Amino acid sequence: MRIEISGQTFQSDFVKKVAEISGESVLSCNQCGKCSAGCPMAFAMDWLPNQIIRLVQLGIEEDIAKSKTPWICASCLTCSVRCPRGVDLGRLMEAVRLLTLRRNIDYVAAAKIPPDALGEMPQIALVGGFRKHTA
Ligand code: SF4
Ligand code: SF4
């Protein structure tokens, strides 16, 4: 994929929205990778946490929307503690999730959850899951 980078790339609406919602400076990240090295969920992610930040910096919204990484993120904040640049990646991930949900895409299809599983799941987990993963 060819990416054209200019001053406008770093000031795109998407970059501004992520910064506004998260309250974090997206451009502070220097891609050291410490967040990804310590992330306990990295094994299940398609893009590593530092790669998600790079996609945000470049305003590549489509790839972020398709990624499962923000939904795998457990919001454990290990990355936020480890970041030498003071970037709270947990907040950035939440901003990315919110912006993805605003695209009106459902990541959980209630109708496809087996009735047995529905009966066993804690109600609060279901409500929380639907809030987080459905538009
Ligand atoms: S630890 Fe911080 S500076 Fe390093 S890649 Fe992650 S977010 Fe960026
Ligand atoms: S908050 Fe998310 S991205 Fe950061 S270390 Fe925890 S699981 Fe990984």
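Remember, it's a predicted structure, so these values are computed and weren't measured experimentally. Read the numbers this way: they start at 1 and go in the same order the structure lists the ligands and their atoms.
Atoms of ligand 1 found under 4.0 Å from any heavy atom of Cys83, numbered from 1 in the order shown, are 1 (S), 2 (Fe), 3 (S), 7 (S). Contact atoms of ligand 1 toward Gly33: 4 (Fe), 5 (S) (distance under 4.0 Å to a heavy atom of the residue). Those atoms of ligand 1 with a heavy atom of Gln31 less than 4.0 angstrom away are 5 (S), 8 (Fe). For ligand 1, the atoms lying closer than 4.0 Å to a non-hydrogen atom of Asn50 are 5 (S). Below 4.0 Å from some heavy atom of Ile53 lie the following atoms of ligand 1, by number and element: 7 (S). Shown in contact with Ser75 at under 4.0 Å from a heavy atom are these atoms of ligand 2, numbered in order with element: 1 (S), 2 (Fe).
The protein heavy-atom contact nearest to atom 7 (S) of ligand 2 is Ala74 N, 3.3 Å. Cys39 SG, 2.3 Å is the protein heavy atom nearest to atom 8 (Fe) of ligand 2. Counting only heavy atoms of the protein, atom 2 (Fe) of ligand 2 lies nearest to Cys73 SG, 2.4 Å. Of the protein's non-hydrogen atoms, Cys35 SG, 2.3 Å is the one closest to atom 6 (Fe) of ligand 1. Distance from atom 4 (Fe) of ligand 1 to its nearest protein heavy atom, with residue and atom name: Cys32 SG, 2.3 Å.
For the 3.5 Å distance criterion, the side chains of Arg54 and Gln57 qualify, holding a donor opposite an acceptor. Under the 3.5 Å distance criterion, with hydrogens and angles disregarded, a donor-acceptor pair is assigned to the side chains of Arg97 and Ser75.
For the pair Gln51 (side chain) and Leu48 (backbone), a donor-acceptor distance under 3.5 Å is present. Checked by atom type and distance alone, the side chain of Glu61 never pairs as donor or acceptor with a backbone atom of Phe14 at under 3.5 Å. Side-chain N or O atoms of Asp46 include one that pairs as donor or acceptor with a backbone N or O of Lys68 at under 3.5 Å.
Checking Cys29 against atom 8 (Fe) of ligand 1, an N/O/S atom falls under the 2.8 Å cut-off. Residue Cys76: an N/O/S atom is found under 2.8 Å from atom 6 (Fe) of ligand 2.
Around atom 3 (S) of ligand 2, the closest heavy atom drawn from Pro70, Ala42, Pro49 belongs to Pro49. Summarising the contacts of atom 1 (S) of ligand 2 with Leu77, Leu89, Thr78, Leu48, the nearest heavy atom is found in Leu77.
The residue from Ser25, Cys35, Ser28 that alone fulfils the side-chain contact (heavy atoms from CB on, under 4.5 Å) condition with Val87 is Ser28.
Residues Ile72 and Leu92 do not share a hydrophobic cluster, defined by chaining ILVMFWY side chains whose heavy atoms lie under 4.5 Å apart.
Contact check for Trp47 versus Asp63: side-chain heavy atoms found under the 4.5 Å cut-off. Residues Ser67 and Ile52 meet the side-chain proximity criterion, which asks for heavy atoms closer than 4.5 Å.
Between Glu94 and Arg91 no salt bridge is recorded (no basic side-chain N to carboxylate O distance below 4.0 Å).
Ligand 1 has Pro84 within reach: a non-hydrogen atom of the residue lies less than 4.0 Å from it.
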